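Notes to accompany the following structure.
Just so it is clear, the values below take in all heavy atoms, side chains as well, and ignore hydrogens, waters and symmetry mates. Keep in mind the model is a prediction, meaning the values are calculated, not measured. All chains are named by letter (A, B, ...) in the order of the sequence lines, taking the proteins before the strands, and each is independently numbered beginning at 1.
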2 protein chains.
Amino acid sequence: MPNSKQSPITMDAVYTAPGYLFRRMQQIAVSIFIEECRQFDLTPVQYAALIAIHTHPGIDATRLSAVIAFDRSTLGNVIERLQSKGLIERKPDSGDKRVKLLTLTKQGASLLREIMPLVDRAQARMLQPLKPSDRKMLLALLAQLVDLNNEASRVPLRAEDALEHLGKLG
Amino acid sequence: MPNSKQSPITMDAVYTAPGYLFRRMQQIAVSIFIEECRQFDLTPVQYAALIAIHTHPGIDATRLSAVIAFDRSTLGNVIERLQSKGLIERKPDSGDKRVKLLTLTKQGASLLREIMPLVDRAQARMLQPLKPSDRKMLLALLAQLVDLNNEASRVPLRAEDALEHLGKLG
DNA sequence: CGCTAATTGACAGCATACTGACAATATGGC
DNA sequence: GCCATATTGTCAGTATGCTGTCAATTAGCG
């Protein structure tokens with residue numbers, strides 16, 4: 001048979017591309033997050049940072065970046081905004097003069113408790129249109145793919161455990 | 001049994017959230033795209049715009065925004081960059097003085113032909129770590145979810161067919 | 001101890017994204 | 001034809017994201 005695949009260039013080159021679907025879904029996810037949490041004026045990135053600082057009190061910006069896999073340059077601005085909102089504090093490290101340690105303020109901890117149910121609702125809403133079994137399947141495949149592609153990203157995720165061992169492992 | 005579910009707040013609140021996984025995967029996808037296409041200095045958004053302009057010669061910015069589901073304000077800058085690179089042209093509409101019609105230049109069409117194989121390779125790389133059957137499953141579920149959540153996004157996708165009927169349908 | 005190399009936070013510059021606003025222009029109902 | 005309304009492109013402002021650079025500081029090695 002003749003090769004009928006002479007690439008006619010249709011919009012399918014965009015619509016069916018995984019990268020395009022990931023972008024669209026990310027935008028939808030942010031939109032739903034902001035809508036559910038609008039009474040608190042907190043972004044998804046800021047939320048992740050708050051969770052990480054709560055889980056690792058006294059963490060520094062560089063390790064925070066590794067724990068949530070966000071770019072270090074971007075995180076500088078995020079931290080500044082969280083600080084100006086009074087949600088976190090920055091204190092100089094007693095040993096290393098370069099480092100500034102991050103902790104939640106009472107306001108930050110309080111906001112975190114209040115907003116978590118709303119975030120949970122937002123996360124549920126994103127997958128709502130799918131059947132429960134499909135939600136589970138999609139989430140499992142996605143988590144797997146993100147993990148397997150970890151090193152392909154600009155800022156690979158280095159979870160807490162990995163971080164603690166980094167010194168020993170060199 | 002006692003309710004042991006007092007929400008201890010761990011990083012799982014971030015790592016297992018669909019929104020976080022969508023964000024990570026989007027970043028990974030962009031990273032792979034840029035790497036594969038680095039010889040052309042074209043972004044995923046610019047690529048999608050070029051495809052759409054090629055498919056709809058003489059489209060205006062507002063309809064372009066609907067066809068690829070990108071924000072109109074953002075698209076203004078994208079169009080300007082594509083124009084300054086010499087990949088597209090903007091000509092005033094003869095009827096409506098507000099409108100500027102978009103078409104590919106020869107350079108734009110040429111670049112599109114050359115870059116498409118690289119984009120295909122990038123798209124394949126994103127899903128590479130999964131088994132072929134899992135790739136198909138993930139893509140199908142993702143396409144379904146994006147479609148079902150279409151109205152939840154800031155800029156819902158209005159594909160070509162829908163667009164042509166918008167006038168008639170009011 | 002002293003020098004090189006690495007780390008840390010910060011910054012400049014570019015590219016998406018979204019919100020809200022605006023002037024110019026079109027459109028529809030009357 | 002007029003006027004309220006809608007549309008189009010644009011802009012300012014804010015918030016991620018990435019690249020590259022920088023000064024200050026620290027760590028490692030000879």
For L75(B) and dA15(C), what is the distance between atoms CG and P respectively, to the nearest whole Å? 15 Å
Go nucleotide by nucleotide along DNA chain D from the 5' end; which of T74(A) and G95(A) gets its closest nucleotide reached first? T74(A)
Polar side-chain contact R98(A)-dT7(C) base: donor and acceptor under 3.5 Å: yes
What integer distance in Å separates L102(A):CG from dA10(C):P? 10 Å
Integer-rounded Å distance: dT16(D) C1' and D71(B) CG: 14 Å
Taking atom P of dC18(C) as reference, at what distance in whole Å does atom CG of N77(B) sit? 13 Å
Tell me the interatomic distance from F33(A), atom CZ, to dT16(D), atom P, rounded to whole angstroms. 10 Å
Taking any heavy-atom pair under 4.0 Å as a contact, classify T43(A): base, sugar-phosphate, or nothing. sugar-phosphate
T62(A) has its side chain closest, among dT8(C), dC18(D), dT8(D), to dT8(C)
Choosing from dT16(C), dG9(C), dG9(D), which nucleotide comes nearest the side chain of A61(B)? dG9(D)
Flag, side chain of Q123(A) to backbone of G19(B), donor-acceptor distance under 3.5 Å: yes
Answer yes or no: is there a donor N or O on one side and an acceptor on the other, between the side chain of R135(B) and the main chain of L130(B), under 3.5 Å? yes
Between R81(A) and dA15(D), is there a side-chain N or O to OP1/OP2 distance below 4.0 Å? yes
Mind listing the closest non-hydrogen atom pair of Q107(A) and K85(A) along with its distance? OE1-O, 4.0 Å
Can you work out whether I28(A) or K85(B) has the more 5'-proximal nearest nucleotide on DNA chain C? K85(B)
Tell me: CG of D93(A) to P of dA24(D), nearest whole Å? 20 Å
Of the listed dG9(D), dC18(C), dT19(D), the closest approach to the R72(B) side chain comes from dG9(D)
Between C1' on dT16(C) and OH on Y47(B), what's the gap in Å once rounded to a whole number? 18 Å
Options dA15(D), dG9(C), dT16(C), nucleotide nearest the side-chain atoms of Q46(A): dA15(D)
Are V99(A) and L102(A) connected into the same hydrophobic cluster when the rule is that any two of I, L, V, M, F, W, Y join if their side-chain heavy atoms are below 4.5 Å apart? no
Check whether the side chain of S73(A) and the base of dT19(D) form a donor-acceptor pair under 3.5 Å. yes
Between R24(A) and dT16(C), is there a side-chain N or O to OP1/OP2 distance below 4.0 Å? no
Quick one: on DNA chain C, does I34(A) or E80(A) contact a more 5' nucleotide (nearest heavy atom)? E80(A)
Starting from C1' on dG9(D), measure out to CG on L64(B) and report it in whole angstrom. 13 Å
Under 4.0 Å between a side-chain N/O of K100(B) and OP1 or OP2 of dT10(D), yes or no? yes
Using a heavy-atom cut-off of 4.0 Å across all strands, would you classify D96(B) as base, sugar-phosphate, or nothing? sugar-phosphate
Residue V78(A), side-chain heavy atoms: nucleotide from dT16(D), dG9(D), dT25(D) that is nearest: dT16(D)
Carefully, step by step, assess F22(B) and L21(A) under the rule side-chain contact (heavy atoms from CB on, under 4.5 Å). CA-CA 10 Å; F22(B) 289 132; L21(A) 293 172; over 6 Å; no
Going by atom types alone, do N149(A) and R125(B) pair a side-chain donor with an acceptor below 3.5 Å? no
So which nucleotide from dT16(D), dG9(D), dG9(C) ends up closest to the side chain of D60(A)? dG9(C)
